[in-house]
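The analysis underlying the following values was restricted to heavy atoms, covering all of them including side chains, and did not include hydrogens, waters or symmetry mates. Letters A, B, ... are given to chains in the order of the sequence lines, protein chains preceding strands, and every chain is numbered from 1.
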Amino acid sequence: MKQSRRDFLKTSAALSAASYLGVQLPDTVSSALAAEGDSWHRGTCRLCGVGCRVELGVRSGKPFAIRGVADARTNYGFLCMKGMYFWHCIGHTDRLTHPLYRAKKSEAFKQISWDEALDIAATAFADVVKTHGSDAVAYYGSGQCLTEETYLFQKIMRGGLKTNNVEGNPRLCMASAVGGYLSSFGADEPIGGYSDLEKAHCFFIIGSNTAEAHPVLFRRIMRRKLDNPDTVKVINADPRVSQTSRIADKHLQFKPGSDLSLLNAMAKVIIDEKLYDTDFLANYAVFRQGAESTEVTFSEYVKFLEPYTPEAVAKICGGNISADDIREVARWFANSKGTVSLWCMGINQRIQGVWANNLINNLHILTGQLCKEGADSLSLTGQPNACGGVREAGGLCHILPGHRPVDNEKMRNQVEEAWGVPIGRIPAKPGRHTMDMFAAINSGAIRAIWVNCTSPAQSLPNCDLYIKGMEKDDCFIICTDIFPTRTTELANLILPAAFHFEKTGVYGCTERRSQITLKAVDAPGEAKPEVWIVREWAKRLAVKLDDPVIAHCVKDFDNLEEDYALPRAIWDEYTQKLTAGRDSDLRGASYPVLERMADGVQWPALTEEQALTGGTVKKFVKGLDPLADSLSQNDLPYQFYGPAHADRKLWVWLRAQADPSEVPDAEYPFYLSTGRIIDHWHTMSMTGRVPELLRANPYAHVEINPEDAKELGVQPGDMVEIRSRRGSNLLPAKIYEGPMKGMVFAYWHDQEKSRMINRVTKDDYDPGSKEPEFKICAVQIRRVAGPKPIKPFLL
Amino acid sequence: MPVAGAVISTRQERAEILLAALRACPGVDIYGEDGKGNIIAVLEAASKDEMEALVRRLEAMDEVLHVGITFLAADGNSTDTGSE
């Protein structure tokens with residue numbers, strides 16, 4: 001039987017959808033694929049932090065399709081529209097394909113060779129180090145870099161150039177979750193994972209529009225709810241009614257910044273109605289408060305909660321919340337057989353982000369909704385390798401590889417010994433965190449920075465302030481990227497990078513799962529994998545600074561081909577030497593094991609034998625987590641061995657309500673919050689280049705509550721000015737019962753300058769996590785004109 | 001000539017109504033359903049624009065809770081593979 005290519009594609013499409021549902025299609029359909037010769041290459045999605053498994057179809061060296069895989073434990077075959085389209089970036093005509101250079105930022109870029117580019121990059125950094133010292137250079141990376149890339153960059157910066165000025169954009173999104181996990185549970189990253197979603201009986205979704213930001217996970221939650229409409233409860237707490245709210249049994253709409261009160265009120269109901277787990281608390285928890293983490297008694301905690309009565313907090317929260325609502329959701333949370341909390345930027349991007357994380361974790365500790373099936377306190381991540389690369393492999397200024405604090409001498413020495421560099425080579429002082437780093441560019445303290453795979457000129461809050469510094473010629477800026485961005489506009493040197501599936505490496509997603517993607521197609525032009533770029537740059541740096549230690553940092557990687565051998569050697573060094581004995585132990589997850597394990601491996605996985613079972617589904621549980629067994633100190637089933645809590649206890653925190661750093665007043669009477677839309681991802685440099693996604697949402701708009709719109713005289717599509725104390729935007733209005741009255745909401749992906757909402761947001765940050773409070777600021781809203789034709793914009 | 005595989009979800013009790021509506025939609029082929037409100041469909045369109053419009057139309061249908069794309073091929077020309 002002859003089969004046309006279109007028939008083949010239709011069959012593939014039907015099988016893909018059927019396999020998701022576990023439905024067997026007729027044999028005539030299934031067998032139609034047998035003669036097809038195209039190759040399919042396993043890997044992960046390039047976009048959000050869910051870590052969906054995909055297969056890229058390749059024919060004659062070119063990608064032609066992507067598909068989900070039914071047995072994938074992350075996504076069960078489903079992909080969102082962004083995930084379905086990201087591969088269009090592989091062959092896109094806008095790709096950066098040659099190194100580009102200009103000495104001054106007023107000049108035009110000229111195409112140069114890689115030899116010239118690497119020499120310029122090394123000279124720029126070496127000259128700054130010689131003239132201004134090691135702390136005048138910096139690396140700013142991304143949760144989209146492969147683990148091997150982040151690891152090697154930070155090794156050169158710390159072990160080679162002797163600076164901890166190593167940061168990444170997860171500081172802008174995940175740092176508060178890191179702080180929350182460390183201070184509540186003693187260890188970063190979730191205890192459980194996605195497998196709890198199908199076993200949960202209550203979902204508490206707060207500060208997350210999961211339906212648009214993590215649509216594949218939302219589908220799992222939705223399926224669980226639809227299949228069990230009477231026994232599974234969904235609570236959605238958010239100042240804005242979103243697509244996520246549509247499956248909620250109860251939507252709690254609270255005034256921005258009143259979340260700490262709401263969470264404390266839920267805790268008070270749990271205490272007052274004796275819904276807490278007495279045994280769990282007695283065995284595993286203590287209560288703490290203050291900067292010194294002073295231990296307090298249960299009675300003192302109860303007294304602390306006294307002001308947070310449901311009646312008082314319902315008034316504080318405003319919106320649609322009643323005292324009975326608070327009581328009801330607290331009961332659902334505590335009484336369910338398993339409760340999973342999910343949150344994202346609405347909680348993390350707050351000046352009290354760590355505290356808000358603590359208060360969610362408190363609810364789980366109080367009720368024992370941890371370590372059992374269907375229960376977890378699960379922070380969602382926005383980028384594919386914020387966890388695996390940046391949090392685990394040393395991509396933040398205060399953390400060395402393997403969750404080691406920089407300011408701990410013993411930990412520094414372990415890293416120095418592993419690298420074979422002199423003891424004392426790594427500075428004791430943590431480097432500059434993200435906001436401090438870009439402030440230091442403004443002040444002239446940082447004179448050279450390497451920006452890898454991210455666009456701070458658009459993604460930093462109050463970005464105009466930091467663009468001013470980046471525009472100046474006294475800071476040399478190198479960008480590695482695949483497309484032009486608002487930040488490459490400010491660069492001296494642009495280095496074209498290989499994209500996903502054009503290189504080999506590992507991503508670690510939200511649930512401690514590391515998955516490998518092997519190179520499947522060639523990068524365009526002269527684009528190169530970052531690991532090759534860093535290695536070659538380091539060799540030249542060593543010569544220019546006459547420093548053999550820098551050369552030593554890449555000696556073991558010299559002459560390895562860059563498509564497989566080089567990233568494998570880097571992964572081996574990182575996992576075998578630097579995760580050994582740590583809670584994120586990945587020694588068992590070698591490249592050969594990751595290539596065998598289609599779903600990757602969840603750490604800890606100390607041996608290949610453990611890794612070949614998939615690793616650890618639940619941390620801290622004896623029988624499931626090898627470290628819980630080997631580090632056990634008593635007969636209890638759970639062992640909280642996390643490195644940050646010497647007492648091996650979970651900490652319930654006393655955290656009082658505190659306002660955001662800016663609240664509406666007579667001059668700036670509205671709250672502004674920002675977020676993601678389903679069709680676009682971050683600064684749109686990738687999704688904006690997919691016509692189907694761009695057309696779906698070609699430009700940003702501002703959502704205004706109908707009551708506010710009426711008072712302001714704003715009609716749908718009218719052009720509206722949003723002005724804060726820092727800057728303004730001009731956006732078309734969408735009148736929508738989404739944001740609560742007194743609040744507007746804008747999307748942050750648009751690259752057009754008058755629609756870049758981070759010109760309006762504020763750069764105050766959490767004193768603990770240093771994560772900025774993107775989510776809340778005060779603005780004026782003014783109708784400027786009626787509807788105007790607007791064109792999408794992309795650099 | 002894009003081709004997409006999709007699971008179109010509705011509430012279980014509304015599946016028959018949606019199936020009837022989908023069968024009347026040009027560019028939508030039904031391959032099966034799982035009895036829980038999930039329908040296996042293949043979507044065909046003459047261009048990317050039309051595919052995009054088709055997905056949006058499906059998403060806007062009253063009975064549809066979610067259109068989940070599981071496969072998408074941009075090139076669906078009619079050249080024979082030669083396979084017998």
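- Side chain of A/D599 to backbone of A/R73: a donor-acceptor contact under 3.5 angstrom is found.
- Heavy-atom pairs under 4.5 Å with chain A peak, among B/K36, B/M51, B/E33, at B/K36.
- Contacts between B/L65 and chain A at a heavy-atom distance below 4.5 Å involve backbone atoms as well as side-chain atoms.
- Interface residue B/D29: only side-chain heavy atoms are found under 4.5 Å from chain A.
- Within a 6.0 Å sphere centred on CZ of B/R11, heavy atoms belonging to other residues, nucleotides or ligands number 12 at most.
- A salt bridge is absent between A/R676 and A/E212; no separation between the charged side-chain nitrogens and carboxylate oxygens falls under 4.0 Å.
- B/Q12 does not touch chain A: none of its heavy atoms, backbone or side chain, sits under 4.5 Å away.
- A salt bridge between A/D71 and A/R42 is absent, with no side-chain N of the basic residue lying under 4.0 Å from a carboxylate O of the acidic one.
- Both the backbone and the side chain of A/L79 come within contact range of chain B, judged by heavy atoms closer than 4.5 Å.
- Taking the ring axis of A/Y194 as reference, the NZ or CZ atom of A/R220 does not stay both within 45° of it and closer than 6.0 Å to the ring centre.
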